Number of protein chains: 2
Amino acid sequence: MNDRKKRILWAVVQDYVSSAEPVGSRTIAKNYDLGVSSATIRNEMQDLGDEGYLEQPHTSAGRIPSIKGYRFYVDCLMEPSRLTGEEEERLTHMIADQTTKVDEIFRNMARVVSSLTQTLSVAARQTRRSCTFNYIRFLPLDGQRAILLVVTQEGRVSNTVVNIPPGSSIDELQLLADRLNHFLHGKDISAADEQTILAFQKDVERDLTPFSRIFVSLRRSLAPKQKVYSGGAAGLIRQPEFQNVEKMQDILNLLEERDLLHSILDTAMDRPIAVRIGSENPDKSLADLSIVKAQFQVGGEVIGTMAVIGPTRMEYGRVIGLLYFMQKHLEHMLKNKE
Amino acid sequence: MNDRKKRILWAVVQDYVSSAEPVGSRTIAKNYDLGVSSATIRNEMQDLGDEGYLEQPHTSAGRIPSIKGYRFYVDCLMEPSRLTGEEEERLTHMIADQTTKVDEIFRNMARVVSSLTQTLSVAARQTRRSCTFNYIRFLPLDGQRAILLVVTQEGRVSNTVVNIPPGSSIDELQLLADRLNHFLHGKDISAADEQTILAFQKDVERDLTPFSRIFVSLRRSLAPKQKVYSGGAAGLIRQPEFQNVEKMQDILNLLEERDLLHSILDTAMDRPIAVRIGSENPDKSLADLSIVKAQFQVGGEVIGTMAVIGPTRMEYGRVIGLLYFMQKHLEHMLKNKE
DNA sequence: GTTAGCACTCGTAATGAGTGAGTGCTAATA
DNA sequence: TATTAGCACTCACTCATTACGAGTGCTAAC
């Protein structure tokens, strides 16, 4: 792969990304200053095709980059774009504006990035796998009902309204809760499973059946529910490669199958920003999509992930630039906040 | 509108709903036992066309119902379908299964109904406009932070982690909270706005500026956030009338514009189940969609709404039957639960 | 009032010629 | 030996033409 070939591959990707049309040798000779004629470029393109970096939709058409071509482009030829002033302002404003809820920021990130790049963007805070039990507290509500709170040491609260079993009082409930608190305090939240609670039931030598519904509520409120924020599907299907019914249906299925979005965000990453191009994606319904994924970390712990889903013909440099910028600023902001 | 015309209109709607193809006179003569020849039916159909109940896509095509035709069908010709055993089982199971979270039920309703009817279904619990303040409570978390809870008399809880201002303690915070509780107890939650809190600040003759962030958190956690659950867009765009790019984009826009979905659910209803056909919808982006909307009430209060969005060519009887069934069972279930 | 018969309409699918962008090869050139 | 000009060839795409058929609307007979 000599220097000229690299420059031609770069030019093909560049041109195809912006035009969505197969790129011909003449186009490159005209618009990219390589100092050689279209015939020379034609020869080089043929070689690039033989080596698997370029593809031809049909004999008499121009070339488009193959998965391998994009991969080479992303790994060796491309630079993350610098943001424009406008982009920079919009993102910093968004990150700085929401002083409280991190969830909100993730939601807005998905929206803003998708609107800037015409892609489908999804974001989610990481499920905290380690979540330490702090205490259970019952609060009064009215004669028959009480509010059951579970508080973790990280400051997360889940609440459920429970009926006070006939013959009990809220103080009695709290007494029991205190014993349970003592039992669970400092343990990981997963310890509060059915088994443990059954064991505890034996331990206190008391029939807990009247409270069983409370434990059901408890377990339910502890169940980790990771929210995936998504936005921009409307922008994505405006891209020329999705102008047909099947592709659009695929996108909509992807959007409604939250499981798949979850799994996209959940898969492990070997670097802070990773790119998966087309069929590099394990799921075959993502075979003609590319995904750029960024992890957000504070103090070594992953606190959220964002993925940009677009056509393989994606502005990789720009998307990576955006994600990099957000990573830097969001992590900085969160570190200061803690 | 004589009886035969009614039967012909009924047949046209029936046939078009299931076939999605313009219906010809011969089809009706063959498949619907009217006892007259296609020529007679042809004459009647011409009249129905003149009177605005039927339309012709082009001169040599069959007829399709007009908005007016559907309206007449829904108002005068149609009966809500009885559910099949399978449908009934699936719905009762769903309603009975989730013993706790009503939110979950609404989410599942949207999913199940859309999957049964190949429509886009949206559901939301009603924003409780009246929401009565109960009390504020601070709970310990660690040295620097506390958990601020706001509890309503209906048993809703919102929580935020707040920093304890330097020089204060959690007891001090609770003391202040108790005065605020006294001040706000039994009032509508909207009373806790900036104005009132400023007035209260004067009243207690104490500088509350160190607590300002807490009040910001408080207000934010009180902000009503109505969640709209949706499902089935993928099924809807599988319908033949949406097999083109523009229509699909419209659907996706509708899905991503949560505001519009909100407004669909929010608009007042004059009866428990209402039907809006095509251009009867105020929003013009809904002009070729029909919406069947049901309100769920417990004790005279509206507690949620569900809307089924489909093509004008919709199985009105079936959808209404489903919604009616759910209304009855869900309201029954909730009444018992309270 | 109803029906059979028939000419007429018009959307749709199939066919085929024409067009042009782009290639691949060859021979000339530096 | 690397580059370039020239040219035949390929193939998707467009557009007009044709054929087909479902369905109507009218007329005349029952």
Side-chain angles (χ1 to χ4, degrees), chain A residues 1-9 11-16 18-66 69 240-241 243-245, chain B residues 1-9 11-16 18-66 69 240-241 243-245:
Chain A
M1 174 75 86
N2 61 33
D3 191 57
R4 191 167 65 194
K5 270 190 193 157
K6 284 184 189 168
R7 290 171 65 189
I8 290 175
L9 178 55
V12 171
V13 174
Q14 212 69 9
D15 207 84
Y16 183 61
S18 64
S19 73
E21 298 287 332
V23 188
S25 53
R26 237 175 76 83
T27 313
I28 291 185
K30 220 173 5 182
N31 301 331
Y32 299 82
D33 198 22
L34 295 179
V36 288
S37 78
S38 70
T40 309
I41 293 173
R42 206 140 62 226
N43 290 330
E44 296 281 44
M45 280 169 89
Q46 201 163 22
D47 289 356
L48 283 167
D50 292 343
E51 291 156 28
Y53 294 102
L54 294 180
E55 283 172 355
Q56 231 173 340
H58 56 90
T59 329
S60 68
R63 302 301 209 293
I64 63 175
S66 66
E241 39 267 88
Q243 295 308 313
N244 73 70
V245 238
Chain B
M1 174 77 85
N2 61 33
D3 191 59
R4 191 167 65 192
K5 271 190 192 157
K6 282 184 190 170
R7 289 171 65 190
I8 290 175
L9 178 55
V12 170
V13 173
Q14 212 68 9
D15 207 85
Y16 184 61
S18 65
S19 75
E21 298 286 332
V23 188
S25 51
R26 235 175 77 83
T27 313
I28 291 186
K30 217 171 8 179
N31 301 332
Y32 299 83
D33 197 21
L34 294 180
V36 288
S37 78
S38 70
T40 310
I41 293 173
R42 207 144 57 228
N43 291 331
E44 296 281 42
M45 279 169 91
Q46 201 164 25
D47 289 354
L48 283 168
D50 292 342
E51 291 155 28
Y53 293 102
L54 295 179
E55 283 171 358
Q56 231 174 341
H58 55 88
T59 328
S60 68
R63 302 302 208 294
I64 61 176
S66 66
E241 40 266 88
Q243 294 307 314
N244 73 69
V245 238

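Naming: A, B, ... by sequence-line order, numbering from 1 per chain. Nothing here was measured: the structure is a model prediction, and the numbers come from that model. Only this structure's heavy atoms are used, side chains among them; waters, hydrogens and symmetry mates stay out.
With sequence neighbours excluded, no residue forms a side chain to side chain donor-acceptor pair (under 3.5 Å) with A:Gln56. In this view, B:Glu51 and B:Lys5 satisfy the side chain to side chain donor-acceptor pair (under 3.5 Å) rule, not counting sequence neighbours. Residues passing the side-chain contact (heavy atoms from CB on, under 4.5 Å) test with B:Val245, sequence neighbours excluded: A:Gln243, A:Met248. Remark: B:Arg26 engages no residue in a side chain to side chain donor-acceptor pair (under 3.5 Å) (not counting sequence neighbours). The side-chain contact (heavy atoms from CB on, under 4.5 Å) search around B:Thr59 returns none, not counting sequence neighbours. A search for side-chain contact (heavy atoms from CB on, under 4.5 Å) contacts involving B:Glu21 returns B:Ser19, not counting sequence neighbours. Remark: A:Lys6 pairs with no residue by the side chain to side chain donor-acceptor pair (under 3.5 Å) rule, at least two apart or across chains.
Taking only side-chain nitrogens and oxygens, A:Thr40 comes nearer than 4.0 Å to OP1 or OP2 of D:dT4. Between C:dG24 and A:Gln46, a contact under 4.0 Å exists linking OP1 or OP2 to a side-chain N or O.
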Polar atom pairs between nucleotides 15-17 of chain C and protein, under 3.5 Å, N or O only, would you list them?
none

Polar-atom pairs under 3.5 Å, protein N or O versus N or O of nucleotides 26-30 of chain C: list them with distances, or write none.
none

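Contacts between residues 23-32 of chain B and DNA chain C, defined by a heavy-atom separation below 4.0 Å, involve no residue at all.
When the P atom of C:dT3 is taken as reference, atom CD of B:Glu44 falls 11 Å away, rounded to whole Å. Here D:dA2 presents its P atom at 12 Å from NZ of A:Lys5, a figure rounded to the nearest Å. Atom CD of A:Glu21 is separated from atom P of C:dT23 by 13 Å (rounded to the nearest Å). With rounding to whole Å, B:Arg63 atom CZ is found 9 Å from D:dG23 atom C1'. Protein atom CG of B:Asp3 is 17 Å distant from nucleotide atom P of C:dG1, rounded to whole Å. As a whole-Å value, the separation of A:Ile8 CD1 from D:dT3 C1' is 13 Å. A straight line from CG of B:Asp47 to P of D:dT24 spans 14 Å, rounded to a whole angstrom. Look at CD1 on A:Ile41: it is 18 Å from P on C:dC25, rounded to the nearest Å.
Residue pairs meeting the ring-ring contact (aromatic ring centres under 6.0 Å, His included) criterion with at least one member in residues 42-64 of chain A, sequence neighbours excluded, are A:Tyr53-A:Phe72.
Between A:Arg63 and A:Gln46 the shortest side-chain heavy-atom distance falls below 4.5 Å. Proximity of B:Met45 to B:Val12: side-chain heavy atoms (C-beta onward) are separated by under 4.5 Å at one or more points. Proximity of A:Val23 to A:Gln14: side-chain heavy atoms (C-beta onward) are nowhere separated by under 4.5 Å.
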Using a 4.0 Å heavy-atom cut-off, write out nucleotides 6-22 of chain D from 5' to 3' as B (base contacted by protein), S (sugar-phosphate only) or - (no contact).
B---BBS---------B
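In this structure a side-chain-to-backbone donor-acceptor pair under 3.5 Å is missing from B:Ser25 to B:Ile41. Listed for the B:Ser66 side chain is a donor-acceptor partner under 3.5 Å among the backbone atoms of B:Gly52.
Here the shortest heavy-atom pairing between A:Ala20 and A:Pro240 reads CB-CG, 3.6 Å.
Judged by closest nucleotide on DNA chain C, B:Arg4 is the one of A:Pro22 and B:Arg4 placed further toward the 5' end.
When the nucleotides D:dG25, C:dT2, C:dT3 are ranked by their closest atom to the side chain of B:Val36, C:dT3 comes out on top.
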